[in-house]
Amino acid sequence: MKFNNYIKVKSLKEAYDILNENKSSSVIGGGMYFRLNNNSIDTVIDLSNLNMDYIKEEQAVIEIGAYTTLRELERSTLLKSYFNGLLSKASAEIVGVQLRNIATMGGTVYGRYGFSDILTPLLVLNTSIEFYKNGRYTLNEFLKMKEKPRDILTKIIIEKNDDKGVFKSIRLTNSDFSMLNAAVVKNKKEFKIAIGARPMVCCRAEKSENIINNSEKIDGKIIEKVCTAAESELTFGNDVKASFEYRKELCGVLVRRCFQEVLN
Amino acid sequence: MKEVNKKIPKLDGMGLVTGKPAYTNDIAPKDSLIVKVLRSPHAFAKIKKIDTLEAEKLNGVEYILTYKNVPRNILTRAGQGYPEPSPYDKYILDDYVRYVGDEVAAVAAIDEKTAEQALKLIKVDYDILEPVLDFEKACGNKSIIHRENEAHEMFPIGFDPEKNIAAEYHMNVGDVDEIFKKCDIIIDENFYTHAQAHAASEPHTSAAYLDFQERLIVISSTQTPFHVRRIIGHALGIPLSKIRVIKPRVGGGYGGKQAVHGELIVSLMSLRTKKPCKLVYTRKEVFESTYSRHPMRFHVKLGSDKEGNIKCIDVDLLSDTGAYGEHALTVFMVAGSKTLPLYNKTEAVRFGGKVVYTNNTPAGAYRGYGAIQGNFALESAVDMLAEKLNMDPIELRNKNLIKEGETSPIFEIMGEGSSGVPMIVESCKLDYCIKRAERLSNWKNLRKQNNNSSNMVRGIGMAVAMQGSGIPCIDMASAVLKLNDSGFFNLIIGATDLGTGSDTVLAQIAAETLGVDTEKIVVYSSDTDLTPFDTGAYASSTTYISGHAVKNAAKNMKKLIEEEGALYLNVNAEEVYFDGKYITLKDNSKKVSLEELSTKLYYNKNQKQLVSSGSYCGKKSPPPFMCGIAEVVVDKETGKVYVENYTGVVDCGTTINPNLAKIQVEGGLLQGIGMTLYEQVKSDEKGRLLTNNYLTYKIPTRTEVKKINVEFADSYEPSGPYGAKSVGEIGIDTPPAAIANAIYNAVGVRVKSLPITPEKLYMAMKAKTEK
Amino acid sequence: MWSTGKKVFSGGVELKIELKINGVDRDIDISPDEMLLDVLRRYGCLSVKRGCDTGSCGICTVHLDGKPILSCSYYAAKAEGHEITTIEGVQKEAEEVGTYLVNEGTEQCGYCSPSLIMTVLALKKEIENPTEEDINHYLKGNLCRCSGYEGHLRAIKKYLGVN
């Protein structure tokens, strides 16, 4: 990415104003993948000075500031104590410590990267995101939006509950992006399933969720049914990492493995 | 042995690990112009028009090279001895581009941004030609890749550009067809290997400037400084005496820096601008525009009797050299010459085929150099034979493998590019290597097929390998030793340490011969003005060939010291001996220390400089041997293979420095494992490399393989310096076959093409179940 | 000796930032889109090297406020006001780790060694009594093509006193 100006803004308002007055401007997170973009723009907006680097426990939610790094996510004792450590574990698998010290939650979420190992587990939790002007969306809504709001993502809000989550992925080497990833949570009411790196951005396997959530008994048979359903309800694609066919096969395997662990 | 077979830290180690400036980009002139290369977006095209006017006008642009203003001297970049066994088929810049990434033009500018901007301003009008991307369809294709009249071979290598053939070779011993008729069991299979990338940590970097006498000084991360000087001289049409090539520390090579890459362009830029110039390849350029391993297709036929005596081997080979023919013939030949002698009890052997041009990324030298490809095919086929015989693969190999004191006719028939030399294998502890690896790996217990229904299945497989130690009668090395006051030495060598530790190993050999401590040896390598000749770091030659040269120089130095010591003591030279510290009369009545003598020689008495030299050209190429055993766990549901344990037992003769030898093997093994399981090469239908960075081309991390366990056999090669053979390449050869064999042992599926990615194995398992 | 200071830019506007490099506060001229790696090399920290262009190899590792980051993927402008440490700034500690590496012969070409050491130093600060698994996990982003990593592990375990 080439640009002419780099501005560390003093307020969200300033950031928002630049972003909307200058069409050739963009907010930067860690800059990790931003930099690999081959475009050229006028101005980059950096939010480093706005104290958006936090993981806070509130009454009913956990709030993660947009400038929180993946490494902080991985290390957070708070997050380790929730959701079976789902977010910390998923984060820990990503490339290396140095990268995780740079990449931010805001960059990861706003980027809606297909390869993200963070969006998939976030999607099975009750996750919302908050923009400076546009307010809140559920993560699911945001991922489905045709056009992202031209706004500043400020934080990620996760409902505290008894969700027990499991994340699984398959990679060529351990520093690779996932060829496919999956997350499943179980709570008192229901199961939720998300599949990512399809290679399109992750999504929920809602029909498969319905099958298991409407079933009276949870046994091997029903899980097999869920796995098959997930393979057929979702779309997969080809890229350099894996073919559509292989991803489809992996989907069932990863979902099954998530269930085996989440039911344990 | 006092200094040899000793774990001495690498002499340059501490400087490197603490980050001192040592590599080309660290020591290139600070004010260098930045050179950037415009590269072809097309696999095959003719440049109809190239317009550099806009780019030239850009502030800060100093010079632009296109095919129109460079000398049109055809060459090979291969970086081999002269005359090269590679076809001359490349210009510095040409009006044809033959692969995506081929050079179109080059810009020298005041900084990187300007240079990159200038590249964008160069307008090129291409006449796009039909590329040849499938190497199995290259031979005789209507698209001819090299039509240039000047293209030629230096001596017969089967070069036939009209048919897209870079080289062709055939040999046979005995009557293969007759012997096959008598065989009870025949294995007949095809195997494919792919274009592994070297992925050296330091991208290819070169810099050039003119000194005050207008001599061209080139600093380059190269494995072959003397060949680089020769090729620059030829390409630019300037006398070799006007060129000096300096090789500083190099950040890994593995064959990838044997050829010239940026040196020609950066040299020409410097001559044209009269300013220092620097060219640092991006990682993408390293992937797309240097070269990789030759992809190959093997058709292997093995025949044996019922008892498992291998009678006959027939290999038909097709190799893809990509757009240019660097190392085309020699890599091809090594696929046979460094595998077939392993099974020397055969009655007939046939080996032959073609190396074809395609519009893919060029192929070139890469550690293993054909042997790893051949090993995958042959050692997979031997395991298939063992299965048919219902015999343990180790037993089958023990029955057929070459033993100490034996020979193979292949040694004499096949060299590298021409015929070889006859050779008795004077050191071969392969039998021990196998026995020891069998024990260390728990072969007997793990080999038993475990029929559990788990999705994670364990398997174990093995392969044996051989390599060479330099190219006999071609590779020459030399060394100079200089005695300094206070009694320390400069060892000045052309041998090219690229991180292997050869400076240290050679210092140890010098020290051993002189009887001094290694710390008394200060090494300088390599610089075409200041050091004597060495062919360079390739073909596993440095310890064996350069080691001999150093030993010869040290022997000569020892003689000089004894002569001068005797003169100092007023006796005849025969009456004294030098023990590393003192020159002493044999009756111990008088002595003088080297410290004193050397200082006196400088300042006081019989004043002179003691300098000795030594050269060596190998008469044979004793093979190092090894046995590799892979223990894997296969995830049947995903096809993912986990290497739990890799055992390697190696016979490389004496390990001059056991630590460095061990790392050579461990590192080689992991590169081989990487090639086998992770390092996938993909291109699109237009010949564009998709795996052109580390996000898509995955080399192993430190968490991939659970354990690599390397040991050495107690071995001594009589023809080697202090019993040493080579160790640089042997480590890479066994993993493809050993892992493929282990996977077969685990899940009963035979993958015959590399790499064995999870997807490929999964699909193969699925196809088998569906059958 | 390698400090050069000024740089001519053809394109973007120059930017002045304050950066503490190896304990020294410096006023630095950068291009707005320049990566930290290039600035550090320009200001004499030649230990900092580029191994890839994608943030994948770890060879450009430096510390930002004591934490290891990839200087190839970190905009210099972003680093403004922070403290950067390269191996030039921790030579004594580097030699300590380095001794273990060279005693195994595992540094080989050495190109990735300074970055490996910087990551090891961060690991030592961050994780008490690390296990072998912790070490491998922490260093996963540091690629090495020469050594096969076994020697690294032998050396680093000795350095950290891990059995």
Side-chain angles (χ1 to χ4, degrees), chain A residues 1-4 32-33 35-40 92-99 103 113-116 168-182 197 199 223-224 227 231 236 238-260, chain B residues 112-114 116-117 120 199 282-284 287 455-456 635-643 670 673-685 688-706 755-767 769-770:
Chain A
M1 181 70 90
K2 304 271 175 227
F3 46 82
N4 300 322
M32 217 32 248
Y33 294 111
R35 161 186 110 73
L36 296 178
N37 192 322
N38 241 344
N39 296 338
S40 130
E93 289 186 36
I94 296 168
V95 190
V97 163
Q98 301 95 320
L99 182 143
Y113 296 111
F115 57 74
S116 176
K168 295 277 174 199
S169 64
I170 171 128
R171 303 159 202 264
L172 192 53
T173 70
N174 293 325
S175 72
D176 199 5
F177 294 142
S178 299
M179 293 191 257
L180 195 83
N181 63 34
I223 289 168
E224 279 315 306
C227 294
E231 282 176 11
F236 300 94
N238 292 306
D239 71 354
V240 68
K241 302 255 173 234
S243 72
F244 146 79
E245 293 89 346
Y246 182 55
R247 285 197 161 98
K248 200 171 154 97
E249 303 268 353
L250 284 180
C251 175
V253 178
L254 293 187
V255 170
R256 186 183 323 114
R257 289 182 179 181
C258 283
F259 270 104
Q260 280 162 355
Chain B
E112 194 171 327
K113 260 193 174 172
T114 311
E116 277 173 357
Q117 220 176 322
K120 286 188 189 138
T282 63
R283 183 54 61 183
K284 183 167 174 260
F287 273 108
N455 285 320
M456 303 297 266
D635 182 341
K636 282 206 299 200
E637 288 188 321
T638 64
K640 178 131 175 145
V641 177
Y642 297 88
V643 179
L670 192 66
I673 293 169
M675 172 172 173
T676 311
L677 294 175
Y678 318 113
E679 297 177 27
Q680 186 166 214
V681 180
K682 284 189 178 173
S683 302
D684 69 8
E685 71 290 343
R688 288 178 294 219
L689 192 64
L690 299 173
T691 45
N692 59 6
N693 58 44
Y694 285 153
L695 298 174
T696 47
Y697 187 92
K698 302 308 290 185
I699 66 170
T701 72
R702 66 188 68 236
T703 58
E704 251 55 64
V705 175
K706 258 206 193 130
I756 309 174
T757 59
E759 176 164 354
K760 191 188 280 179
L761 179 57
Y762 178 84
M763 293 302 176
M765 289 190 292
K766 193 177 167 205
T769 340
E770 280 167 5

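When reading the values below, keep in mind they use all heavy atoms of this one structure, side chains included, and skip hydrogens, waters and symmetry mates.
- With a 4.5 angstrom heavy-atom cutoff, B/K682 touches chain A only via side-chain atoms.
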For this session: Give the intermediate values and the outcome of side chain to side chain contact (heavy atoms under 4.5 Å, CB included) for residues B/L695 and A/L36.
Result: CA-CA 11 Å; B/L695 298 174; A/L36 296 178; 4.0 Å; yes

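- At a 4.5 Å heavy-atom cutoff, the contact between B/D635 and chain A is made by side-chain atoms alone.
- Interface residue B/Y678: backbone and side-chain heavy atoms are both found under 4.5 Å from chain A.
- Applying the side-chain contact (heavy atoms from CB on, under 4.5 Å) rule to A/P199 yields the partners A/D239, A/R247; only residues at least two apart in sequence or on another chain are considered.
- Across every non-hydrogen atom of A/V240 and B/T691, the tightest pair is CG2-CG2, 3.9 Å.
- Partners of B/E759 under the salt bridge (Lys or Arg N to Asp or Glu O under 4.0 Å) rule, at least two apart in sequence or in another chain, do not exist in this structure.
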Exercise. Yes or no on side chain to side chain contact (heavy atoms under 4.5 Å, CB included) for A/F177 and B/T696, after CA distance, side-chain angles and deciding distance?
Worked result: CA-CA 9 Å; A/F177 294 142; B/T696 47; over 6 Å; no

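- A donor-acceptor contact shorter than 3.5 Å links the side chain of B/K640 to the backbone of A/R171.
- When all heavy atoms are compared, the tightest approach of A/M179 to B/P758 is CE-CG, 3.9 Å.
- Contact annotation for A/L250: only side-chain heavy atoms (C-beta onward) come within less than 4.5 Å of a heavy atom of chain B.
- In this structure, chain A has a heavy atom under 4.5 Å from the side chain of B/E116, while its backbone stays farther away.
- Between the side chain of B/E704 and the main chain of A/N174, a donor-acceptor pair closer than 3.5 Å is present.
- Your options are A/V253, A/I170, A/V95, A/D176, and the one with the most heavy-atom pairs under 4.5 Å with chain B is A/D176.
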